[in-house]
Amino acid sequence: MRDSISVARLGIPSVALVTEEFWPQGDFFANSSGMPAVPRVKLPHPVAGTGEDKMAEVASEITPSIVEFLSS
Amino acid sequence: MRDSISVARLGIPSVALVTEEFWPQGDFFANSSGMPAVPRVKLPHPVAGTGEDKMAEVASEITPSIVEFLSS
Amino acid sequence: MSLLEAASEHDALERLHQLGCTDGLPVVIPTADRVARMVLSTGYEPDLVLGVMGPLYGAATIEKVATAAVMAGCLPDHIPVVVAAIRAVCQPEFDLTEMQATTHCTAPLMIVCGPARNACGEIASGFGAMGPGHRANASIGRALRLAMINIGGARPGSSDMALHGHPGKFTYCIAEDEENSPFPGLHTTFGYEPDESAVIITGAEAPHSTFFTGDRDDPASVEALLDVIALVMANPGSNNVHLRNGAITVIMNPDHTEVIKRAGLSRQDVQAELASRATISVGTMRRISPTFYSQTMQNDNEAVSDEAADEDRIHVLKDPDRILVLQAGGSGLYTMVMPSWCAGPHQNAVVHAGIELDQACEIPGMNDLTT
Amino acid sequence: MSLLEAASEHDALERLHQLGCTDGLPVVIPTADRVARMVLSTGYEPDLVLGVMGPLYGAATIEKVATAAVMAGCLPDHIPVVVAAIRAVCQPEFDLTEMQATTHCTAPLMIVCGPARNACGEIASGFGAMGPGHRANASIGRALRLAMINIGGARPGSSDMALHGHPGKFTYCIAEDEENSPFPGLHTTFGYEPDESAVIITGAEAPHSTFFTGDRDDPASVEALLDVIALVMANPGSNNVHLRNGAITVIMNPDHTEVIKRAGLSRQDVQAELASRATISVGTMRRISPTFYSQTMQNDNEAVSDEAADEDRIHVLKDPDRILVLQAGGSGLYTMVMPSWCAGPHQNAVVHAGIELDQACEIPGMNDLTT
């Protein structure tokens, strides 16, 4: 989240991937960094350790929104 | 210390061996058990792990007071 | 009970610090009025004795326990858990006097199970439940400690001989995350019904963080999880390894219990697996404890003679039932393992007491102790 | 700064609890008057900024730090240590923002060295120094935490994502037992003069108890002591083993430093011995961390290729200077080892700041904040 904010500050398009469980923390960082609208995409929680199939499924679900954010 | 108090309660002569560092705790137990005068002999601290020679020295120093307590 | 007088609440606080009646942090001044209201909220008579607390052998009356609870910052909602905790630690099997006096760092860890978790002020079982920010956890755990100080007489360096202690000696109270756990409530393993409430208490070290990241594609993931927990249980510094037969607490986060659940293991299975895997080699014991080990092993059931090979392994715990396995904490990479003291006549027995939720009378405005 | 109003101190306390401005325990209400007097005792202007505390990125002004100190129960005597601690944790190398936000249980452990140990309210270094009963330790450690909560914005489950945390997140402050230690003051290893004072801070797990009983007749006793400490440092659950390159704190009791002293070892010798002995086998890492280990080892300097043998050993720490070795605690059988978090951009760097004892003006009656 913090990386994404730093990159966005440099004017480089960025999207933070944040799991559901960490969404409030993402909001917190976005607000405290003065960039409340920094683009972020919600992932299910947990992702790590859930296996190849699940990760592929999550990836295909979220890719469109990432592309949308980066091209807008 | 607590063992010594329990034994003394049964009317069996007993002496607690208490190292210097634990002397205040010994006093505390003696008082809280209602036997403030329960016999105890002060050892240097630490005794454990200080080697055979040192332990033999401590033993010979304190034996007379233990005998005195038990025979009085 | 004699009353102290002070010109202001802040003078009173300074006085309580000077008398050694606090843990070093600010307390709510236990005025006669506040204590009386806390007593009322217990539903018991003030002079009812819940037990005797060593090494001072003070009688833990409802009034004295209520005083500790007020000082700790408890609300009346919290008091049923405090009363149960006092009952639990006063059971002879807990060896409270010896535990207060030992040089080991041990502190009573309170685990709250059943509906009391919500009824007694939302005792936290999730993110940061062992840290700051949860009033019920913080003040309930501290009430037990202040009772141990003021009724039991524990003072550092004179009656409490813990070499260093640990910060769980300020407060150490969590709830089980029953709703999201694959295991039945921990209290049911001690004979309580699921809809009853209980506090389970064990003398514990501070938590040891245990890192594990699973892989759903790897069926051996559960083996790795059980192995790393067992290795932490068998850490060569803990008293469990040197004295054996104590109790060990294992608090798993939801991602780790998910691995257990997928493998189809029950709590009993986990206890048995951990007890069987938590071992240390004879060679390591000979190396780290050349004198003490050879003396103690002579008394040990798990006969390891002088002829044993260095590769032979010794079990750290004899009784799998003394491994408390439960879920708490946020979702992520860490499980917490609390080794223990293991000494005292009952060698770190786990105690428990039912929490009575219908004992207190409902009194309008009773939770407003603060005016 | 806007002021809250309340009808009584107790209403104010409830309000602060509800706003999430406490750690869950009672605080001294930071009235304008009390804060002003605490500010005065710092000897600084109220709007001096000591640093910025994430994740809220709040400015740690003297006034806000004084507010945290009042709430924590500090006396003006304690404030120089609190000011130094804030300066230390605000250094970029400490990665405060990341540390506050992590899922690991880490908490800043404060080690106070030099004359400030006595000048700032008798900060305990003996029996039970990490437990209750020492006001200076308890309230100084807690002042840092309340600043991290209220200036830094750490709240469990939203900004502070520690899965469980540990009780040292309430308060975690000890002094070094310099007088009885065979080692020079720990602060001198960071460039301070012996008669200067400093606070050394490292993000740490809760203490892990390490049992050792020596035997003066056995010259190998020191080997056993170093081995058991190294084994606890290399405990397979800790982040140090999985991420490496963090910091580890080793707090030895006087009986254990006596063994070190008899063997003629300096602090640097002990650091080097521990760094060299604290290893874990490749086989164990492959077993407990099948996925993560193979990924991380590719980035690791200590190249362990896929062809490494299971018996090959990996060092847990790369830098012996990141082992903090000091004496504290009562005399007996236990040393305390605190593993650490190891992550963040600076991978658990140790920070420090000088404690200014001549900064505050002497004001008669200044220690009487309590009226």
Side-chain angles (χ1 to χ4, degrees), chain C residues 10-11 14 17 23-28 73 103 105 126-135 138 155-157 160 162-170 172 205-211 213 215 218 224 227-228 231-232 235-237 239 242 253 287-288 290-292 329-330 332 334 336 370, chain D residues 10-11 14 17 23-28 73 103 105 127-135 138 145 155-157 160 162-170 172 205-211 213 215 218 224 227-228 231-232 235-237 239 242 253 287-288 290-292 329-330 332 334 336 370:
Chain C
H10 279 89
D11 281 3
E14 289 305 307
H17 279 315
D23 51 7
L25 293 174
V27 295
V28 171
T103 59
C105 62
F127 278 104
M130 284 196 275
H134 309 286
R135 183 183 186 175
R155 296 292 189 292
D160 173 351
L163 300 194
H164 307 90
H166 73 73
K169 292 183 78 162
F170 285 92
Y172 209 15
E205 265 197 50
H208 294 210
S209 183
T210 305
F211 176 96
T213 173
D215 179 353
D218 179 2
D227 276 345
V228 71
L231 282 165
V232 175
N235 108 63
N239 276 24
H242 294 268
N253 88 75
R287 185 156 60 94
I288 65 176
T291 308
F292 188 80
Y334 304 103
M336 286 300 194
T370 61
Chain D
H10 280 89
D11 281 3
E14 290 304 308
H17 279 315
D23 52 8
L25 293 175
V27 295
V28 172
T103 58
C105 63
F127 279 103
M130 284 196 275
H134 308 286
R135 182 182 187 175
R145 171 57 53 183
R155 297 290 190 291
D160 173 351
L163 301 194
H164 306 90
H166 73 72
K169 291 183 78 162
F170 285 92
Y172 210 14
E205 263 198 52
H208 294 209
S209 182
T210 305
F211 177 97
T213 173
D215 179 353
D218 180 4
D227 276 345
V228 71
L231 282 165
V232 174
N235 109 64
N239 276 24
H242 294 268
N253 87 76
R287 185 156 61 93
I288 65 175
T291 307
F292 188 80
Y334 304 104
M336 286 300 194
T370 61

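Naming convention: chains lettered A, B, ... in sequence-line order (proteins, then strands); numbering from 1 in each chain. Since we're looking at a predicted model, the values are computed, not measured.
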Legend entry - Sequence-distant partners of D:R155, salt bridge (Lys or Arg N to Asp or Glu O under 4.0 Å), two or more places apart: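 Not a single residue meets the salt bridge (Lys or Arg N to Asp or Glu O under 4.0 Å) criterion with D:R155.
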
Euclidean distance, [Y] [atom2] relative to [X] [atom1], rounded to 0.5 Å:
| X | Y | atom1 | atom2 | value |
| --- | --- | --- | --- | --- |
| D:D227 | C:I288 | CG | CD1 | 8.5 Å |
| D:R135 | C:L25 | CZ | CG | 9.5 Å |
| D:F170 | C:M130 | CZ | CE | 11.0 Å |
| D:N235 | C:T210 | CG | OG1 | 7.0 Å |

[X] portion near chain C, given a 4.5 angstrom heavy-atom threshold:
| X | result |
| --- | --- |
| D:P290 | side chain |
| D:H17 | side chain |
| D:S209 | both |
| D:Y334 | both |

Which one of [options] has the most heavy-atom pairs closer than 4.5 Å to chain C?
| options | answer |
| --- | --- |
| D:G168, D:C105, D:A162, D:G73 | D:A162 |
| D:T103, D:N239, D:V232 | D:N239 |
| D:G133, D:P26, D:G329 | D:P26 |

Do [X] and [Y] have side chains that get closer than 4.5 Å, going by heavy atoms?
| X | Y | result |
| --- | --- | --- |
| C:H10 | D:V28 | yes |
| D:T291 | C:T213 | no |
| D:P167 | C:K169 | no |
| C:P132 | D:R145 | yes |
| D:H134 | C:P156 | yes |

Legend entry - Largest heavy-atom contact set with chain D, pairs under 4.5 Å, which of C:A129, C:G237, C:G332, C:A224: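 When all of C:A129, C:G237, C:G332, C:A224 are compared, C:G237 has the most.
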
Inset, instruction - Could you tell me which of C:P236, C:G165, C:G128, C:G131 has the largest number of non-hydrogen atom pairs under 4.5 Å with chain D? - result: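 Top option by heavy-atom pairs under 4.5 Å: C:G128.
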
Inset, instruction - Could you tell me which residues satisfy ring-ring contact (aromatic ring centres under 6.0 Å, His included) with C:H208, sequence neighbours excluded, listed by chain and number? - result: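 Counting only residues at least two positions away or on another chain, C:H208 forms a ring-ring contact (aromatic ring centres under 6.0 Å, His included) with D:H208.
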
